[in-house]
Undergrad: 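Could you have a look at this structure, given as structure tokens, before my questions?
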There are 2 protein chains.
Amino acid sequence: MTIPDRPALPPRDRIIDAARDLFRKHGVRGIGVDAIAEAADSNKMTLYRHFGSKDDLLITCIEKAASEAEAFWVALEEAHPGDAKAQLRDWVKRAGDFVTVDHCNCELIDAAAQLVESDHPARRVIEQVRRGQLRRLTQLCRDAGIAEAELLVDALTLLIEGARVNWRSAGEGGASTRFVDAAERLIDSFATQQRVLAVG
Amino acid sequence: MTIPDRPALPPRDRIIDAARDLFRKHGVRGIGVDAIAEAADSNKMTLYRHFGSKDDLLITCIEKAASEAEAFWVALEEAHPGDAKAQLRDWVKRAGDFVTVDHCNCELIDAAAQLVESDHPARRVIEQVRRGQLRRLTQLCRDAGIAEAELLVDALTLLIEGARVNWRSAGEGGASTRFVDAAERLIDSFATQQRVLAVG
DNA sequence: GTCAGATGTGACCGGCTGGTAACATTGTCA
DNA sequence: TGACAATGTTACCAGCCGGTCACATCTGAC
């Protein structure tokens with residue numbers, strides 16, 4: 001157990017890392033603070049000195065995931081400066097990895113979606129992060145010349161959320177590995193704008 | 001509280017109905033047997049006389065949802081006898097309602113997916129039900145003349161699971177209302193078979 | 001009426017979990 | 001060395017929850 005490969009990290013960071021990992025694997029409700037502290041090679045008391053409550057820890061995790069998502073967009077722009085179409089194509093591929101690689105931090109968001117009590121303090125943060133992501137992706141689609149950018153983004157949202165859920169329940173052999181293919185087809189459909197009811 | 005509009009239903013059925021509703025809303029982990037019994041206008045003891053454990057109740061709920069899904073396919077065949085293309089088009093529309101209407105029984109399945117412990121007794125049932133659904137949908141696509149039926153089914157799976165998750169977390173205003181549009185575009189794409197990398 | 005089976009009621013147990021208190025340990029800086 | 005802050009350890013509390021027990025109530029069949 002524990003994470004012996006980064007001894008230099010202070011307890012607070014180790015706790016956040018462990019919490020993100022375990023929240024992802026077991027759900028927010030499925031893991032206890034004791035287990036988180038132990039996995040972080042720390043203890044419950046230190047956890048509560050840094051985070052006032054389990055919810056507080058959860059929010060911190062989400063915020064860290066959000067800041068990493070920020071880096072995602074920066075990398076996209078740096079890889080294809082000024083080329084929105086290339087960025088969109090690259091976005092699909094990276095999102096595909098993002099979903100199927102085990103280190104998928106966004107999974108935090110739907111782990112937290114289990115908190116159906118809509119007044120949960122984490123919901124606000126989650127909504128804010130999600131809105132930011134959607135705004136950026138919509139702008140990217142628009143820059144890439146997609147007319148109905150909002151529609152495409154909604155469709156891509158369904159695909160990516162479905163892929164995350166499916167990955168967690170079905171794993172390697174599941175449908176989530178087809179995310180990239182499906183996303184590219186949708187983008188094609190919106191880019192060419194030729195909607196015929198081909199079936200029937 | 002309680003469900004006063006069906007007094008004739010025996011306690012066992014009321015408990016199943018209440019459990020499905022509450023599992024859906026709060027997740028399997030988020031609701032207690034006491035609350036289920038009370039919502040069913042019954043009590044915990046009667047619950048445990050009919051179901052050996054909470055897990056047992058969960059499995060019964062999933063099985064009932066599965067049998068209703070069976071009725072779904074029967075209705076589809078009756079509505080368009082022998083016309084696979086029409087059935088596929090209708091499937092999309094019905095699945096769209098299925099997802100966005102609050103009475104979405106399939107949500108049980110991903111509520112149960114929170115049970116990440118892979119040895120949970122409900123997992124077996126869930127996997128079995130899911131496989132059956134996929135098989136039927138694949139056959140329908142094939143009958144409708146889709147060559148790469150498995151690929152299309154995987155893509156539709158992602159869409160529908162994403163729509164369910166998104167509906168729960170975002171509701172009316174969310175992306176899940178675009179499910180039908182996205183699904184039709186995907187079907188078009190697979191039916192016409194003309195995949196050009198239109199973007200870029 | 002009465003008998004049996006199903007249902008309802010309240011109390012209870014044990015384990016887990018979020019959270020706290022008190023004290024011990026370590027490490028660092030002067 | 002001494003002092004201080006951060007961290008670790010142990011024990012504990014309270015509440016919730018899955019599950020059980022003993023007993024009361026109801027209902028329909030005969």
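Only heavy atoms go into these numbers, but all of them, side chains included; no hydrogens, no water, no symmetry mates. Quick note on labels: first sequence line is chain A, next is B, and so on, each numbered from 1.
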Undergrad: What is the distance, rounded to the nearest whole Å, between atom CE of A:Met45 and atom P of D:dA6?
TA: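 Computing the A:Met45:CE to D:dA6:P distance gives 14 Å.
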Undergrad: Between A:Phe72 and A:Phe98, how do the two ring planes meet: parallel, tilted or perpendicular, split at 30° and 60°?
TA: tilted
Undergrad: Quick one: B:Asn43 CG to D:dT20 P, roughly how many Å, whole number?
TA: 15 Å
Undergrad: List the steps and the verdict of salt bridge (Lys or Arg N to Asp or Glu O under 4.0 Å) for A:Glu68 and A:Arg20.
TA: CA-CA 13 Å; A:Glu68 288 181 9; A:Arg20 291 179 63 187; 3.0 Å; yes
Undergrad: Any chance the side chains of B:Thr46 and B:Asn43 put a donor and an acceptor closer than 3.5 Å?
TA: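 The criterion, which ignores hydrogens and geometry beyond distance, is satisfied for B:Asn43 and B:Thr46.
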Undergrad: Starting from C1' on D:dA6, measure out to CG on A:Leu47 and report it in whole angstrom.
TA: 15 Å
Undergrad: List for me each residue that meets salt bridge (charged side-chain N to carboxylate O under 4.0 Å, His left out) alongside B:Glu127, sequence neighbours excluded, and say none if there are none.
TA: B:Arg130
Undergrad: Does a side-chain N or O of A:Ser42 approach OP1 or OP2 of D:dG8 to a distance below 4.0 Å, or not?
TA: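 Yes.
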Undergrad: Can you tell if the side chain of A:Asp21 reaches within under 4.5 Å of the side chain of A:Ile36, non-hydrogen atoms only?
TA: no
Undergrad: How many whole angstroms separate atom CG of B:Leu22 from atom P of D:dG18?
TA: 12 Å
Undergrad: Write out a two-atom table: protein N or O, nucleotide N or O from nucleotides 23-28 of chain C, distance below 3.5 Å.
TA:
none

Undergrad: For B:Arg142, enumerate each residue passing the salt bridge (charged side-chain N to carboxylate O under 4.0 Å, His left out) test, keeping only those at least two apart in sequence or located in another chain.
TA: B:Glu150
Undergrad: Check the distance between C:dT7's P and B:Arg12's CZ and give it to me in whole angstrom.
TA: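 Going from CZ in B:Arg12 over to P in C:dT7 covers 10 Å.
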Undergrad: Name all residues meeting the salt bridge (charged side-chain N to carboxylate O under 4.0 Å, His left out) criterion together with A:Glu148; count only those two or more places apart in sequence or in a different chain, and write none if there are none.
TA: B:Arg185
Undergrad: Send over the distance from A:Asp13 CG to D:dA6 P, rounded to a whole Å.
TA: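 So the two atoms are 15 Å apart, to the nearest Å.
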Undergrad: Could you check if a side-chain atom of A:Glu184 sits within less than 4.5 angstrom of a side-chain atom of A:Val180, using non-hydrogen atoms only?
TA: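 Yes; the side chains approach each other to less than 4.5 Å.
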Undergrad: Check the distance between C:dG8's C1' and B:Glu38's CD and give it to me in whole angstrom.
TA: 14 Å
Undergrad: Does D:dT7 have its OP1 or OP2 closer than 4.0 Å to a side-chain nitrogen or oxygen of A:His50?
TA: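 Indeed, a polar side-chain atom of A:His50 lies that close.
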Undergrad: Could you list all N or O pairs between the protein and nucleotides 14-18 of chain C that sit under 3.5 Å apart?
TA:
unit_1	atom_1	unit_2	atom_2	d
C:dG18	OP1	A:Lys54	NZ	2.7
C:dG18	OP2	A:Val33	N	2.8

Undergrad: Applying salt bridge (charged side-chain N to carboxylate O under 4.0 Å, His left out), can you list everything that pairs with B:Asp143, at least two apart in sequence or on another chain?
TA: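 In terms of salt bridge (charged side-chain N to carboxylate O under 4.0 Å, His left out), with neighbours along the sequence ignored, B:Asp143 is linked to no residue.
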Undergrad: Rounding to a whole Å, what distance do you find between B:Ile36:CD1 and D:dG19:C1'?
TA: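 Distance check: B:Ile36 CD1 to D:dG19 C1' gives 14 Å.
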